[in-house]
Every structure is written in structure tokens, then in C-alpha cells.
Amino acid sequence: NYSYPLRRNYHVRLTRDSIAYGYSSSCAQNTVDRSQIRSVEAIEHINGLCEWGGYGIRKQLPDWETGYIARNGPGVRMTFLDGKDGKEKAVTFSCKDPEKLVTLLT
């Protein structure tokens with residue numbers, strides 16, 4: 001298992017079956033079944049203000065990619081098939097050790 005809280009209410013948790021990321025409120029977190037993941041890449045540095053317009057759950061144009069940006073620093077970009085509508089979606093989220101997370105996911 002991979003579990004790293006970055007802030008008091010932000011988390012990234014990897015289990016054998018899924019990855020969960022987001023904030024403590026159930027409406028502010030997401031869980032993806034590992035079988036739905038299409039690609040994952042480490043990001044050396046995310047700048048929340050310049051790249052995402054702030055911190056928290058953000059949307060980035062033109063594709064409306066979702067960002068779970070807890071702080072400036074490393075993160076992961078992941079594409080997956082959404083279980084609700086079957087469409088491919090992309091998400092970027094902060095994490096402490098993206099290289100390790102990518103290795104565990106691939």
C-alpha cells in the first residue's frame with residue numbers, strides 16, 4: 001500500500017485494487033479502479049498558482065482536466081476510463097513521491 005497525507009485533509013492512497021486521492025469530504029475525493037487506468041506519469045513540479053490558478057480542486061482548460069492541487073511540488077498525471085460514463089478522463093494530483101507511485105501503478 002502507498003499512503004501519503006500531504007496536508008491535514010488531503011490524501012493519496014493506493015491499494016491492490018484502487019487509487020484514491022482528494023480531500024476529506026466525500027464530494028471532494030475520487031477513487032479509480034486500477035483496471036481503469038490508461039496512463040500515469042510523474043510530474044516533477046506543479047505550480048498551483050501559475051498553472052492551475054490556485055489550490056484545491058481546479059479545472060484547467062481547454063480539456064477541463066481536473067487538478068487536485070494541495071501544494072506546489074511534485075505530482076502525478078493520470079488518464080483513466082470513468083466508470084460512470086466510460087469516457088477517458090485526465091487528472092493531475094499532488095503527491096510526495098510521484099516516481100514511487102508511478103512504479104507501483106505500472
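The first residue of the sequence shown is numbered 1, and numbering continues consecutively from there. These values consider heavy atoms only, across backbone and side chains, with no hydrogens, waters or symmetry-generated copies. These numbers come from a predicted model, not from an experiment.
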Asker: Without swapping roles, check the side chain of Arg34 against the backbone of Ser18 for a donor-acceptor pair under 3.5 Å.
Answerer: no
Asker: Using side-chain heavy atoms (C-beta onward) and a distance below 4.5 Å, is Ile19 in contact with Met78?
Answerer: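 Yes; the side chains approach each other to less than 4.5 Å.
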Asker: For Glu65, which residues count as a salt bridge (charged side-chain N to carboxylate O under 4.0 Å, His left out) partner, sequence neighbours excluded?
Answerer: Arg77
Asker: When you measure from the side chain of Tyr10 to the backbone N and O of Ser94, does any donor-acceptor pair fall under 3.5 Å?
Answerer: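 Answer holds: yes.
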Asker: For the residue pair Phe93 and Ile46, what are the closest heavy atoms and their distance?
Answerer: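 In this case the closest contact between Phe93 and Ile46 is O-CD1, 4.1 Å.
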Asker: Between Phe80 and Arg38, is the side-chain contact (heavy atoms from CB on, under 4.5 Å) condition met? List the steps.
Answerer: CA-CA 5 Å; Phe80 62 95; Arg38 296 296 172 244; 5.6 Å; no
Asker: What residues, two or more places apart in sequence or in another chain, satisfy side chain to side chain donor-acceptor pair (under 3.5 Å) together with Ser39?
Answerer: Thr79
Asker: Looking at OG1 of Thr66 and CH2 of Trp52, how far apart are the two atoms once the value is rounded to the nearest 0.5 Å?
Answerer: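 It comes to 7.0 Å.
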Asker: Would you compute the distance between atom CD of Glu44 and atom CD of Glu99 and round it to the nearest 0.5 angstrom?
Answerer: 8.5 Å
Asker: Between the main-chain N or O of Gly67 and the side-chain N or O of Gln60, is there a donor-acceptor pair closer than 3.5 Å?
Answerer: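 Between the backbone of Gly67 and the side chain of Gln60 there is no qualifying donor-acceptor contact (under 3.5 Å).
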Asker: Just verifying a value: how many Å separate His11 NE2 and Gln29 CD, rounded to the nearest 0.5 Å?
Answerer: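 Output value for this atom pair is 4.5 Å.
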Asker: State which residue, out of Leu81, Leu105, Thr106, fulfils the side chain to side chain contact (heavy atoms under 4.5 Å, CB included) condition with Ile37.
Answerer: Leu105
Asker: Between Asp33 and Ser35, do the side chains contain a donor N or O and an acceptor N or O under 3.5 Å apart?
Answerer: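 Yes, Asp33 and Ser35 have a side-chain donor paired with an acceptor closer than 3.5 Å.
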Asker: According to a 4.5 Å side-chain heavy-atom criterion applied to Ile, Leu, Val, Met, Phe, Trp and Tyr, with indirect links allowed, do Ile43 and Leu49 form part of one hydrophobic cluster?
Answerer: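 The answer is yes; both residues are in one hydrophobic cluster.
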Asker: Under a 3.5 Å cutoff, is there a donor and acceptor pairing between the side chains of Tyr55 and Asn72?
Answerer: yes
Asker: Any salt bridge (Lys or Arg N to Asp or Glu O under 4.0 Å) pairs touching residues 85-95, not counting sequence neighbours?
Answerer: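 Every salt bridge (Lys or Arg N to Asp or Glu O under 4.0 Å) pair that includes a residue of residues 85-95, provided the two are not neighbours, is Asp82-Lys89, Asp85-Lys89.
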Asker: Tell me which one of Val12, Leu14, Val76, Thr31 satisfies side chain to side chain contact (heavy atoms under 4.5 Å, CB included) with Tyr21.
Answerer: Val12
